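Below is one structure. I have some questions about it.
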2 protein chains.
Amino acid sequence: MDSLTALQKFRQYFERYVPLTDEEWLALSQYLTVDALKKKRFYVEAGKVCDHIGLVVKGSVRYYHVKDGEEITGYFSFEDEMLSSYKSFLTRTPAANYIQALEDSVIVNLSHKNLQQACMNELLGFKMERFGRLTAEHYLICYEERITSFITQSPEERYADLLQTGGEALYRIPQHYIANYLGITPVSLSRIRRRIMKISA
Amino acid sequence: MDSLTALQKFRQYFERYVPLTDEEWLALSQYLTVDALKKKRFYVEAGKVCDHIGLVVKGSVRYYHVKDGEEITGYFSFEDEMLSSYKSFLTRTPAANYIQALEDSVIVNLSHKNLQQACMNELLGFKMERFGRLTAEHYLICYEERITSFITQSPEERYADLLQTGGEALYRIPQHYIANYLGITPVSLSRIRRRIMKISA
DNA sequence: TCAAAACGTTAACAAAAGATAAGGAATTTC
DNA sequence: GAAATTCCTTATCTTTTGTTAACGTTTTGA
């Protein structure tokens, strides 16, 4: 994917929240970079400050923590989703997790410094602020729903929901990552899958 | 607590994120109301649109869902914390949960209509937008940490953390609400408590 | 292309959690 | 102030989940 297409995708995403004039977009695009992220490479590493926020325009990434030497997958981002270790990015503290490309990906990046400059830009400031608010609100709602699912649903119900809402991208993800995401072990997920197979068979 | 003190508390909270001139505060305060919420009364009810966002200036509330006729507690808000059913408030859709006062409380409220007007107010607009972004980001971080705890920690570890971070307010909350909050049954929490007692004894 | 590593499933056993019920203490309600 | 309700703990039994290991398949990387 070439840089121009990638940037166009970013503009489309941005304008879902805040419309831009061509002039504003021209200004905003100066602050963006388009980066390739090869499979298995890291977008963020635990212990380092996450210095950018990005939009996945191609490919996918997974978020994971390391605990007792084990990798625990917490989340995924696919095409047309933002990615960042938000706490680290927002508070300028070392990240607790890794973000790694699941496949060869392309990310449109906005560095912390550039974001600050864009916010101080007379032409863009207000719209950046608004985009920031709406993005944070969007993910706030996503997280609220995820927490609700942990409290009110069984792992089996969560998996059934995931199968419905998650698109074809789900089939590209190893089961044990999904098991982590659901908060269970791979063995448990395998049992759930067998139960579902039996019912639908 | 009188209205003036309550409003002062709101100003203090707001200014932790965005400083205000006296003039701006005067304008902002016109949009606020101070409401008493008696114990057991509802701030939000499932099925109804949550039309306001508030700051708890006295007392506490709990958030809960009803599933299969059972109440499942998902969260609490104490003094100096915002409260709202964010998804409902932000998307103008019916809330999925209840928010109920745990004790006689006082809430400083900002209705959806007033928030919109405040955002369009020439003097306040930019600062409201910024406050909105920073508040959303703050809760985004809280939720991110909560999700991480569900994935990487055992219920026992989550409870230990809760004991450390949660203040004396914890001792005012019934155990079975806390059990829900941790994603386990009251019986399980009781067993965990016994194990901890034995170790520390 | 071939050896090594990673994956998903299954089995057997151990550990933990859920369900239910009972009992006593604390709190609420009239 | 007394009756009723709520609350926490404990015990017992059942179900679910975790752990470990094995096996065949697929994917990866040199």
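Remember, it's a predicted structure, so these values are computed and weren't measured experimentally. In what follows, every chain begins at residue 1, and chains take the letters A, B, ... in the order their sequences are listed.
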- prompt: Can you tell me how far the CG atom of A:L182 sits from the OH atom of A:Y159, to the nearest 0.5 Å?
  reply: 8.0 Å

- prompt: In whole angstroms, how far is the C1' atom of D:dC7 from the CD atom of B:E71?
  reply: 14 Å

Under 3.5 Å between N/O atoms: give me all the protein pairs with nucleotides 15-18 of chain C, atom names plus distance.
residue: C:dG18; atom: OP2; partner: B:T185; partner atom: OG1; Å: 3.1
residue: C:dG18; atom: OP2; partner: B:S188; partner atom: OG; Å: 2.7
residue: C:dG18; atom: N7; partner: B:R191; partner atom: NH2; Å: 2.8

- request: Please name all residues satisfying salt bridge (charged side-chain N to carboxylate O under 4.0 Å, His left out) with A:K113, sequence neighbours left out, ordered by chain then number.
  value: none

- prompt: Starting at CD1 of A:I173 and ending at P of D:dT27, how long is that distance when rounded to a whole Å?
  reply: 16 Å

task: Please indicate whether B:K87 has more than 12 foreign heavy atoms, meaning atoms of other residues, nucleotides or ligands, lying under 6.0 Å from its NZ.
output: no

Distance below 4.0 Å between A:R193 side-chain N/O and C:dG8 OP1 or OP2: no

query: Between the side chains of A:Y31 and A:N121, does any donor sit under 3.5 Å from an acceptor?
result: yes

message: Would you say A:H176 places a side-chain N or O within less than 4.0 Å of OP1 or OP2 belonging to C:dA6?
response: no

query: Rounding to a whole Å, what distance do you find between B:K38:NZ and C:dT29:P?
result: 13 Å

query: For A:Y181, is the NZ or CZ atom of A:R146 found under 6.0 angstrom from the centre of its six-membered ring and inside 45 degrees of the ring axis?
result: yes

- request: Round to the nearest Å and state the distance from A:L189 atom CG to D:dT16 atom P.
  value: 16 Å

message: Expressed as a whole number of angstroms, how long is the span from A:R172:CZ to D:dT27:C1'?
response: 17 Å

- request: Using atom CD1 of A:I178 as one end and atom C1' of C:dG8 as the other, report the distance to the nearest whole Å.
  value: 12 Å

query: Partners of A:E70 by salt bridge (charged side-chain N to carboxylate O under 4.0 Å, His left out), sequence neighbours excluded?
result: none

- prompt: For the side chain of A:S105 and the backbone of A:S60, is there at least one donor-acceptor N/O pair under 3.5 Å apart?
  reply: yes

field: Whether B:F89 and B:H112 hold their rings parallel, tilted or perpendicular, with breakpoints at 30° and 60°
entry: perpendicular

query: Would you call the rings of A:Y177 and A:F76 parallel, tilted or perpendicular, where under 30° means parallel and over 60° means perpendicular?
result: tilted

Closest listed nucleotide, where the reference is the side chain of A:S190 and the choices are D:dC8, C:dC7, C:dT10: C:dT10

field: Length of the CZ-C1' vector between A:R194 and C:dG8, whole Å
entry: 12 Å

Any N/O pairs under 3.5 Å between the protein and nucleotides 28-30 of chain D? List them or say none.
residue: D:dT28; atom: OP1; partner: A:K39; partner atom: NZ; Å: 3.1

task: Send over the distance from B:L102 CG to D:dC7 C1', rounded to a whole Å.
output: 15 Å

- request: List for me each residue that meets side chain to side chain donor-acceptor pair (under 3.5 Å) alongside B:T33, sequence neighbours excluded, and say none if there are none.
  value: B:D35

message: Using five base pairs at each end to define the local axes, how bent is the helix from C:dT1-D:dA30 to C:dC30-D:dG1, to the nearest 10°?
response: 70°

- request: With rounding to the nearest 0.5 Å, note down the distance linking CG in B:L37 to CD1 in B:I99.
  value: 10.0 Å

